[in-house]
Amino acid sequence: MSSSCCPPSGPGRESVPAAVPGGGAHGIEQVFVPAQTFAMGDAHGDGVRPDGETPVHPVELDAFSIDATAVTVADFARFAAATGYRTEAETFGYSAVFHLFLAAGADDVLGRPPQTPWWLGVRGADWAHPFGPSSTVEGFEDHPVVHVSWNDARAYCAWTGRRLPTEAEWECAARGGLAGLRYPWGDTVDAGRCNIWQGTFPLVNTAEDGFAATSPVRTYAPNAYGLWQPVGNVWEWCADWFDPGYYARSPRHDPRGPEQGTARVLRGGSYLCHDSYCNRYRNAARSSNTPDSSMGNAGFRTVA
């Protein structure tokens, strides 16, 4: 795994959501991304080599529509209620919670990885209990759903007849037609435009922006295409397998990622990102995790 603000990977099981019925209503507003050729990748030297953000390369995409916001708790709750779907966090019985937000007893903490001890494996943590079994999502219905794996996100897509964006589609949409910039709004950090960490990681979060963890999906101004918060707030799953060397051989038109792999791409960074240790709330930034991994700072949005 390539980012210290994401938890360690799960075992890597990929499942097929064959049992999920179709016909579900997807009520998220759509924004239109016109057909174009854009420069994909890190033009500023901000990334680290293992993330594979270079070389910058031209990508041609046909027009597409994408969710204006990440899928919310309310959206996912409708899906779960209509289908009876249980996420992998619910099936496995645990998920990854950042230590400052723990809402569980000591017996519910199943472990913490020595390399990233701020992440806890918590029994009973899932999309409806994001900080542990003593938490709920009441009052957070307009926040992005978290503790959903790539497999879970694909199951939601099967219900609504949609799909996850390719990595190229995601970056094109996040850029909002502004070529070569670090962020959806420009080249300089602006904590008033996205939900990121304030303070000293991982012990002090001053929450100067008003949010220690997730914020509602329409908290900050949208980019030029109308996407709300593509960077910061939560990582977003993409369709592609992850390969740090893929950009060097990526096709020019509509790249879909490697044909196989062990981890799926995550984009956009999260509320745990900060320049001091995880500068990945950028248009070009990449991370990855296994398709069955879930965590308290990752969600998704979909495309038509």
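Computed over heavy atoms, backbone and side chain alike; hydrogens, waters and symmetry mates excluded.
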TODO: Evaluate the criterion side chain to side chain donor-acceptor pair (under 3.5 Å) for residue pair Glu171 and Asn283; output intermediate values, then yes/no.
DONE: CA-CA 6 Å; Glu171 184 170 326; Asn283 292 325; over 6 Å; no

Please tell me if the side chains of [X] and [Y] come closer than 4.5 Å, counting only heavy atoms from C-beta onward.
X	Y	result
Arg154	Val148	no
Leu178	Trp185	no
Val73	Pro144	no
Leu102	Leu120	yes
Cys157	Leu164	yes
Trp170	Pro230	yes
Thr219	Trp228	no
Asp75	Ile28	yes

Under a 3.5 Å distance rule, please check whether [X] uses its side chain to pair with a backbone N or O of [Y] as donor and acceptor.
X	Y	result
Asp254	Leu61	no
Glu141	Gly139	yes
His99	Trp119	no
Asp126	His129	yes
Arg112	Gly121	no
Glu208	Thr206	no
Ser95	Ser294	yes
Ser293	Asn289	no
Asp152	Glu88	yes
Asp240	Phe242	no

Salt bridge [X]-[Y], side-chain N to carboxylate O under 4.0 Å:
X	Y	result
Glu60	Arg252	yes
Glu236	Arg267	no
Glu169	Arg163	yes
Asp108	Arg123	yes
Glu167	Arg256	no

Would you give the length of the straight line joining atom [atom1] of [X] to atom [atom2] of [Y], rounded to the nearest 0.5 angstrom?
X	Y	atom1	atom2	result
His26	Thr160	NE2	OG1	6.0 Å
Arg162	Ile66	CZ	CD1	9.0 Å
Gln198	Tyr271	CD	OH	13.5 Å

Open item on the list: For a ring-ring contact (aromatic ring centres under 6.0 Å, His included) check, start with the C-alpha distance between Tyr281 and Tyr183, then their side-chain angles and the critical distance, and finish with the verdict.
Closed with: CA-CA 8 Å; Tyr281 57 99; Tyr183 310 107; 5.6 Å; yes

Task: Among Thr188, Asp42, Asp46, side chain to side chain donor-acceptor pair (under 3.5 Å) partner for Arg182 - done: Asp46

TODO: Indicate the ring-plane relationship of Phe98 and Trp197, choosing parallel, tilted or perpendicular according to the 30° and 60° boundaries.
DONE: perpendicular

TODO: Take the angle between the ring planes of Phe76 and Tyr156 and call it parallel below 30°, perpendicular above 60°, tilted in between.
DONE: parallel

TODO: Take Phe201 and Trp118, measure what side-chain contact (heavy atoms from CB on, under 4.5 Å) needs, and give me the verdict at the end.
DONE: CA-CA 9 Å; Phe201 186 86; Trp118 44 85; 3.6 Å; yes

TODO: Go through the steps to decide whether Asn151 and Ser149 satisfy the test side chain to side chain donor-acceptor pair (under 3.5 Å), and finish with yes or no.
DONE: CA-CA 5 Å; Asn151 293 321; Ser149 68; 4.5 Å; no

- [ ] Applying ring-ring contact (aromatic ring centres under 6.0 Å, His included), run through Tyr247 and His57 and close with a yes or a no.
- [x] CA-CA 7 Å; Tyr247 284 7; His57 55 289; 4.5 Å; yes

Task: Output field: ring centroids Trp235/Phe300 closer than 6.0 Å - done: no

- [ ] State yes or no: are the ring centers of Phe79 and Tyr85 separated by less than 6.0 Å?
- [x] yes

- [ ] Determine, stepwise, if the pair Gln229 / Ser215 fulfils side-chain contact (heavy atoms from CB on, under 4.5 Å).
- [x] CA-CA 10 Å; Gln229 293 162 237; Ser215 61; 3.2 Å; yes

TODO: Taking atom types as modelled, find out whether Gln30 and Asp67 have a side-chain donor-acceptor pair closer than 3.5 angstrom.
DONE: yes

- [ ] Taking atom types as modelled, find out whether Asn279 and His274 have a side-chain donor-acceptor pair closer than 3.5 angstrom.
- [x] no

Task: Heavy atoms from other residues, nucleotides or ligands near CZ of Arg49 exceed 12 (cutoff 6.0 Å) - done: no

TODO: Identify which one of Val31, Val217, Asn233 satisfies the side-chain contact (heavy atoms from CB on, under 4.5 Å) criterion when paired with Thr69.
DONE: Val217

Look at the side-chain heavy atoms of Ile, Leu, Val, Met, Phe, Trp and Tyr, link any pair under 4.5 Å apart, and say whether [X] and [Y] land in one connected group.
X	Y	result
Val231	Val33	no
Trp127	Met295	yes
Tyr246	Val265	no

Open item on the list: I want to check a possible cation-pi pair here: Arg264 against Trp237, using under 6.0 Å from ring centre and within 45° of the ring axis as the test.
Closed with: no

